[in-house]
Structures are given as C-alpha cells and as structure tokens.
Amino acid sequence: MQILIRTVLLCFAAALLTENSCCAQKNTFAESSTSLLSSWTPPLSTRGRFIVDATGKRFRLKSGNFHGASGTYNGWGDYDDPANHHAGEAAYQTVLCLDRKPLADIIEDFLRLGINSVRLPFSNAMISSTKIVPDHALLANPDLHNLTPLEIYDRVVQALTRRGLAVVLNNHTVKDQWCCGLDSNGRWNTAQSTERWIQDWLFMASRYRNNTRVVGADLYNEVRRDLLVDPTWGGGQEQDWYTASMQVATRIQREANRDILIFIEGINWVGVPLPFVPHYRPELDPVKELSHALPYNDKLVYCAHFYPNTGPNATGLKTNLGILHDRTYGQLTPKELREVVQRLAGYVATAVGAVQQHFTTPVWISEFGVGGRNEYSQVSRQWWGNFTQLLAEFELDFAVWPLVGWQERGQGDLWALNAYDSTGESLTMLDAGDWRLERWRMLINASVAEQVPIASELSTWRMLAPEWNSQQQSNWLHTRNLDQPGDRKASCPDGLRLVGLSHSDDPRGLCTDAVLGRNLWNYMDESAAVVVITSESEVQSNWAQGYIKLQCPFSAHLIGYSYEANLRLASAVCAASARLNSSVALTQYRSVWFDKSDSPDADRHGRFAPVGVPLGTCADDEVATGFAFTKKQRSGRRPAALLCAAYGVVMGSSNSNEGAHA
Ligand SMILES: *[C@@H]1O[C@H](CO)[C@@H](O)[C@H](O)[C@H]1NC(C)=O
Ligand SMILES: *[C@@H]1O[C@H](CO)[C@@H](O)[C@H](O)[C@H]1NC(C)=O
Ligand SMILES: *[C@@H]1O[C@H](CO)[C@@H](O)[C@H](O)[C@H]1NC(C)=O
Ligand SMILES: *[C@@H]1O[C@H](CO)[C@@H](O)[C@H](O)[C@H]1NC(C)=O
Ligand SMILES: *[C@@H]1O[C@H](CO)[C@@H](O)[C@H](O)[C@H]1NC(C)=O
Ligand SMILES: *[C@@H]1O[C@H](CO)[C@@H](O)[C@H](O)[C@H]1NC(C)=O
C-alpha cells in the first residue's frame with residue numbers, strides 16, 4: 001500500500017446507508033460458502049500460467065487483503081490514539097475491525113463479495129510480540145481476549161480456512177507500522193539480516209504446514225528504495241532481491257513446506273523522485289531475462305501492484321506533483337495502461353497455447369484498489385473501469401486492497417469493500433450507491449478458461465543463473481552433495497534436463513521437460529546413476545575441434561554443471577537417460593555452436609541471459625549430452641558449443657554402445 005494513498009478521506013461523501021445489507025442474503029451466502037469449501041482441493045500448484053488445485057482444476061485467486069496485523073501506526077505520536085494510525089484506524093497488530101464485528105461475521109461478509117482467498121499481511125514485530133492484545137481492540141470478539149497478536153493471527157487463519165477461503169501469508173513489514181514510505185520497511189534486510197528473515201519464514205511456513213488451505217507464502221511487500229540504496233534484481237549484493245528471494249523460497253520448500261505456493265513480487269520502486277533523475281517501478285520487467293527455478297518448480301507465482309494514484313514513474317506522493325509531471329496509472333490512456341500493465345506484469349502469464357517461456361507463471365495482482373463512494377475523481381473512476389477490464393481480459397489472479405475499514409455514518413475509510421462502524425453496522429460495496437460494484441461484479445464473475453492443459457501436454461522451462469550464488473536446484477544433487485570442482489554449482493530442478501547454456505563467464509542454463517517428459521532421468525530411483533564429468537574421457541569424436549569438451553557417458557544427458565571463474569575448472573553433471581525401449585536410443589548427435597551468434601531460435605523459450613550474450617539450446621525434442629569451451633584464456637573461457645542428441649531407432653540389436661557420435 002502506497003503512502004498517502006488515502007488522503008482523500010478528508011473529502012466526505014453523503015454516503016447512503018441502506019438497511020438491506022446484512023440479513024437478507026444470509027441463506028445464499030451460507031450455501032455459497034459450503035460450496036466454496038468443497039469446490040477446491042488443496043494443495044494448489046501451478047500449471048503454465050494457471051493456478052490449479054490438487055485435482056488439476058483451475059483455481060483463480062480472487063482475493064482481498066485483510067490487513068491490520070502488519071501494523072497501522074504512522075510511526076509518531078501516542079500509539080493509543082487512532083489519529084496516529086493510517087486512516088485513523090488502530091489495529092493493535094491484529095486484523096482490523098475485531099473491535100466492532102465478530103470474526104465469523106466479517107468472514108461471511110467476505111464470502112458475499114465473491115472472493116475465494118485472502119492475502120493476510122503480518123509483520124516481523126507481530127510474530128515476536130509477547131504483549132497481549134488489549135481487550136478494547138477486541139470488543140466484538142471476547143473469545144480472543146488474552147492472546148498475543150500471533151495467537152490471534154492463528155485463529156484468523158483457522159477461521160478463514162474453515163470457511164473454504166485460501167490464505168496467503170504475506171510478510172508485509174518489519175515493524176508494526178503502516179507501509180510504504182521511508183519507514184525502514186523498504187527491504188527484507190534493512191532492519192535485520194537476511195538470515196533472520198529466512199528463519200522467520202521457515203517458522204511461519206512450518207507453523208501452518210498442516211493446514212493445507214494456507215496456500216501461499218508472499219515473501220515480501222513492495223521491495224523498494226530505502227533512503228540511499230535501490231534494490232536490484234540480480235547482482236549478488238546485499239540489496240539483491242532476486243538472490244534473496246531465491247534463497248528463502250528454496251529453503252522454504254526444502255525445510256518447511258513443499259506444498260505452499262511461493263509468491264514473489266517484482267521491485268516496486270527504484271530511484272529518487274526528482275526531475276532529471278531516474279525513478280521508476282521495475283515490477284516484473286526484469287523477470288524476462290532472470291527468473292527463478294525453484295526445486296519444486298510448479299509452485300511459483302509472480303506479483304505486482306497497481307493503484308490509480310501511482311504510476312510507472314510516479315510515487316503516489318501528492319507533494320511530488322508540483323515538481324514532477326510523471327503521470328499516474330489513472331492518467332494514462334486506456335491504450336497506454338494496457339501496454340504498461342502488459343510490460344510490467346501481464347506478459348509473464350503468457351496467453352493460453354503460446355510457447356512456454358522460462359518465466360511463464362501465474363501473475364497475482366496482489367494489491368489494487370480505489371476510493372469508494374467518497375471518491376469523486378473521474379481519473380480514479382475511469383481507472384477502476386479500465387483496470388478491472390484488463391484483469392478480466394488477461395485473466396490475471398488478483399487481490400483487492402483492502403477488504404475492511406472503519407466508517408461512521410457512511411464516512412471514513414471507504415476504500416474498504418466492507419466498512420464497519422463502532423457498533424458493528426456495516427457499509428459494504430454491495431449496498432446501494434457504490435459506483436465500484438458494477439465492475440467488481442463483472443470481474444468476480446468474469447468467465448475464465450476452465451480448460452487448463454493437462455500436465456503432460458504442457459512443457460516447463462526454467463533458467464539457472466549461478467553467477468552470484470550456486471543454484472543447486474536439484475534436490476537429489478543438493479542432498480548427495482557430490483564432489484564437483486569449482487565454487488559455483490548449477491542444476492535443474494529434479495525432473496528437468498539441461499538443454500541450454502549462455503556464452504558468458506558465468507554460464508547461465510536452461511532446463512526443460514519438453515517432449516521427453518519428466519522421467520527421462522528417473523531421479524526417484526535411489527540407484528539412478530549420476531556422474532560428474534571433469535575430463536574429456538568420454539569424448540568419442542571430435543565434435544568441437546580445438547575446444548575442451550565435457551561429454552556425458554553413452555546414453556546419459558546433462559542435468560547440471562559447476563565451475564570456477566572463467567571455467568578454469570568445470571564439470572558436467574550427467575544422469576542416465578531412460579531408454580524409451582530396447583530399439584530406441586540416443587543415436588543422432590550434432591554440435592550446436594553459439595559463440596558468435598545465437599543458435600537459431602535459442603531464445604524461443606525466453607532470453608535466459610541479457611541481450612547481447614549469445615545463447616545455445618538444443619531442439620525441444622533433444623537432450624544435451626555435452627558442452628565445449630575454448631582453451632584460450634585471453635578470449636575468456638565460455639561455453640561455445642553444445643552437443644545435442646535425439647532418440648533414434650537403433651539398427652540391429654540394442655547392444656550398439658558404440659555411440660556413433662557424428
Ligand atoms: C518480514 O520481513 C521483515 C523485513 O525484511 C523481516 O525483518 C522479518 O524477519 C520478516 N518476517 C518473516 C516472518 O519473514
Ligand atoms: C496441526 O498441528 C498442530 C500442532 O502440531 C496440532 O495441534 C493440530 O491439531 C494440527 N492440525 C491438523 C489439522 O492436523
Ligand atoms: C520511467 O520509467 C521507465 C521504465 O518504466 C524508464 O525507462 C524511464 O527512464 C523512467 N523515466 C524517468 C524520468 O525516470
Ligand atoms: C476507460 O477510460 C476512459 C478514459 O480514459 C473512459 O472513457 C472509459 O469509460 C473507461 N473504461 C471503463 C470500462 O471504465
Ligand atoms: C456472481 O454470479 C452469481 C451467480 O449468478 C451471483 O449469485 C453472485 O451474486 C455474483 N457475484 C457478485 C459479486 O456479483
Ligand atoms: C519403441 O519406441 C518407438 C518410438 O516410441 C516405437 O515406434 C516402437 O514401436 C517401440 N518399439 C517397441 C518394441 O516397443
């Protein structure tokens with residue numbers, strides 16, 4: 001949530017409180033929530049650009065943000081005075097509105113909006129707080145008295161999931177404070193170490209492991225510049241969000257919870273908002289050349305945020321408007337908005353049937369929202385219309401901000417879809433007079449592709465980028481820790497094979513299960529042969545004259561590699577390929593050169609290294625069985641050729657082990 005986003009609250013509307021709100025529809029929603037509970041089966045996973053449930057049925061996240069536990073305090077003045085909290089709402093480190101409405105009723109009101117999931121922000125401070133939440137913050141929920149914030153968070157998770165709502169845990173802030181200005185919450189390690197952050201996530205992901213309707217871990221909210229330092233996507237420094245998120249996600253999967261979806265936001269803001277100084281929102285733009293290969297590779301979802309009063313180059317700070325003329329998303333024409341949303345987020349969720357890319361995942365717009373009945377700006381209203389249109393059309397997953405807020409006599413925080421007064425009286429978007437409702441109904445009930453391709457028909461592509469940190473993404477190799485030369489190790493997630501490399505000092509890799517499926521190397525089999533190749537011992541023909549060649553043994557294929565700077569030491573990691581049958585084996589070998597220009601179409605599944613770095617990949621139905629690099633130090637030792645092989649019919653019997661390498 002952007003700073004000052006709701007200063008518009010001063011502009012009060014004579015909103016309409018209608019009587020029909022709470023009781024008329026009781027029966028329908030009781031029914032609809034029962035069907036929500038039985039309508040999907042956890043755990044969730046991803047298939048291409050879709051989120052699917054355990055039965056393979058599409059589960060589009062139609063979510064809302066239930067905030068408060070992450071903090072509402074503005075950071076100065078008396079904590080107990082609501083005036084010192086964002087929008088005048090004091091949450092006391094629990095979800096908002098527990099002072100005015102029983103939790104169960106709040107949840108029934110959510111269900112009536114048509115959502116199926118909730119993003120549930122928390123702060124690090126909430127986890128470790130031992131202070132009992134004061135009774136006056138829980139007036140409508142006496143059963144929650146004498147509990148710590150974390151214990152209340154537990155109860156909220158339980159209550160939501162019991163009604164069938166999927167819950168995404170969201171690490172929103174370090175401190176118990178409203179997000180997102182210069183509040184020391186800009187980075188996961190601004191106020192403490194990355195290791196502490198990882199430990200906290202392992203704690204949270206483990207805590208809810210046995211509640212399978214807790215479907216996601218949203219690693220950090222709106223990573224952005226602190227006073228002096230911009231976060232980066234790659235680079236290996238302290239502020240490298242790509243590397244930190246890769247590390248925490250990998251460890252959550254290996255040590256805490258392998259079923260949970262991992263949500264990674266792009267970078268929300270870099271630069272200083274001054275004229276002639278670069279300042280913008282990278283969001284998911286960098287993903288197209290640098291994406292994550294998680295050990296369980298069907299669990300990743302990328303996220304981005306959009307508001308009418310922020311923009312591709314606009315912070316959302318009203319005070320900027322005098323000196324800066326960066327337009328907000330609200331001020332873009334519909335055509336520009338479409339292009340920007342596509343460039344910063346939508347492209348990641350490639351269209352149905354399109355060629356899969358290494359970055360193809362679902363995209364969750366985990367925050368978007370607008371003032372409600374006291375919002376009269378045409379800019380904001382038209383933005384809502386156009387933005388919901390894009391969400392519907394691109395079929396993106398979404399989470400509106402926020403679900404709950406405070407109101408008195410129809411005035412107050414009407415960004416909230418459901419606002420409650422101090423007696424519990426509700427004013428919801430479903431009551432007459434809220435201009436947002438028509439588009440919300442359109443969005444929530446928009447028809448979406450039900451037909452998700454079956455897993456075996458959809459290939460997966462993932463990339464490796466070990467230049468800042470080893471990426472031993474194969475669990476098999478990670479646990480066995482074979483002896484490999486060099487300090488950088490890279491391997492494909494189990495089930496995928498290595499089919500591409502880049503011509504760079506720190507070679508990047510491309511992995512897939514295309515055409516030949518996930519069981520080419522039977523990694524579930526403890527005795528599955530894996531060898532580390534460090535010499536030319538297996539080379540049988542000179543397929544890259546004048547180059548050092550690391551080649552897999554006969555009928556094995558690449559799954560990883562390791563190296564020291566400039567490939568002075570290097571290894572190829574090879575796994576035995578399952579033969580399709582006794583008369584079909586790897587027989588057709590060819591060299592693919594890529595040191596001068598890309599091999600043809602090497603980027604057809606996305607560029608996996610920056611523009612200008614040549615790439616080489618085998619064809620979709622081939623395996624890579626070796627790579628070659630120059631001996632010449634002065635030209636830099638970089639991979640220059642791949643040995644690709646295809647299955648072919650073996651002439652005569654099945655014992656031809658000659659490996660007639662062309
Ligand atoms: C949440 O993020 C903050 C800020 O980086 C970090 O200090 C804290 O440890 C994180 N908590 C969890 C549970 O990840
Ligand atoms: C989850 O684990 C907790 C603590 O280990 C236990 O008390 C609880 O009964 C478990 N819940 C389920 C649904 O298994
Ligand atoms: C605005 O953002 C774009 C990227 O979205 C960037 O290329 C451009 O340099 C930015 N303009 C300024 C003034 O920072
Ligand atoms: C989109 O914005 C334009 C103005 O830029 C407006 O005319 C149009 O009505 C909006 N579309 C929707 C669906 O609200
Ligand atoms: C969506 O459609 C269903 C079935 O027509 C209807 O009952 C429900 O109220 C609609 N949801 C919203 C939010 O309008
Ligand atoms: C072996 O596999 C090939 C290709 O899938 C197939 O055409 C052939 O019939 C198979 N042979 C046997 C004996 O199963």
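Bear in mind the structure is a predicted one, so any value in this text is a computation, not a measurement. For reference, positions follow the sequence shown, starting with 1. Only this structure's heavy atoms are used, side chains among them; waters, hydrogens and symmetry mates stay out. Counting starts at 1 for both ligands and their atoms, following the listed order.
With a heavy-atom cut-off of 4.0 Å, Leu113 touches ligand 5 through its backbone alone.
Of the options Phe263, Phe359, Trp233, a ring pair (Phe, Tyr, Trp, His ring centres under 6.0 Å) to His292 is made by Trp233 and by none of the others.
Closest to atom 12 (C) of ligand 5, if we only count protein heavy atoms, is Arg441 NH1, 3.3 Å. Annotation: atom 9 (O) of ligand 4 to nearest protein heavy atom, Gln382 CG, 4.8 Å. Here the heavy atom of the protein found nearest to atom 4 (C) of ligand 5 is Asn445 ND2, 4.5 Å. The nearest protein atom to atom 14 (O) of ligand 3, hydrogens excluded, is given as His279 N, 2.8 Å; this is a heavy-atom distance. Annotation: atom 5 (O) of ligand 3 to nearest protein heavy atom, Arg343 NH2, 3.3 Å.
Within a 4.0 Å radius of atom 7 (O) of ligand 5, the protein contributes no heavy atom.
Under a cutoff of 6.0 Å and an axis angle of 45°, Arg224 and Trp241 do not form a cation-pi pair. A cation-pi arrangement, defined by a distance under 6.0 Å to the six-membered ring centre and an angle within 45 degrees of its axis, is present between Arg100 and Trp406.
Between Trp383 and Phe387, the ring-plane angle classifies as parallel under the 30° and 60° cut-offs. His67 and Trp401 have tilted rings, their planes meeting at an angle from 30° to 60° on a 0 to 90° scale.
A donor atom on one side chain and an acceptor atom on the other are found under 3.5 Å apart for Tyr307 and Glu367. Gln389 and Arg439 share a side-chain donor-acceptor pair at under 3.5 Å.
Ligand 3 places these atoms under 4.0 Å from at least one heavy atom of Tyr280: 1 (C), 2 (O), 4 (C). Short contacts between ligand 3 and Pro278, defined as distances under 4.0 Å to a heavy atom of the residue, involve ligand atoms 14 (O). Contact atoms of ligand 4 toward Asn386: 1 (C), 2 (O), 3 (C), 8 (C), 10 (C), 11 (N), 12 (C), 14 (O) (distance under 4.0 Å to a heavy atom of the residue). Atom numbering of ligand 4 starts at 1 in the shown order; those under 4.0 Å from a heavy atom of Pro334 are 1 (C), 2 (O), 3 (C), 5 (O). Atoms of ligand 5 found under 4.0 Å from any heavy atom of Ile444, numbered from 1 in the order shown, are 11 (N), 12 (C), 13 (C).
Residues Arg163 and Phe110 have side chains not in contact (no heavy-atom distance under 4.5 Å, counting atoms from C-beta outward).
Remark: aromatic rings of Phe368 and Trp384 are close, center separation under 6.0 Å.
Checked against a 3.5 angstrom limit, the closest N/O atoms of Asp326 and ligand 3 fall outside it. Below 3.5 Å of separation, one finds an N or O of Asn313 facing an N or O of ligand 3.
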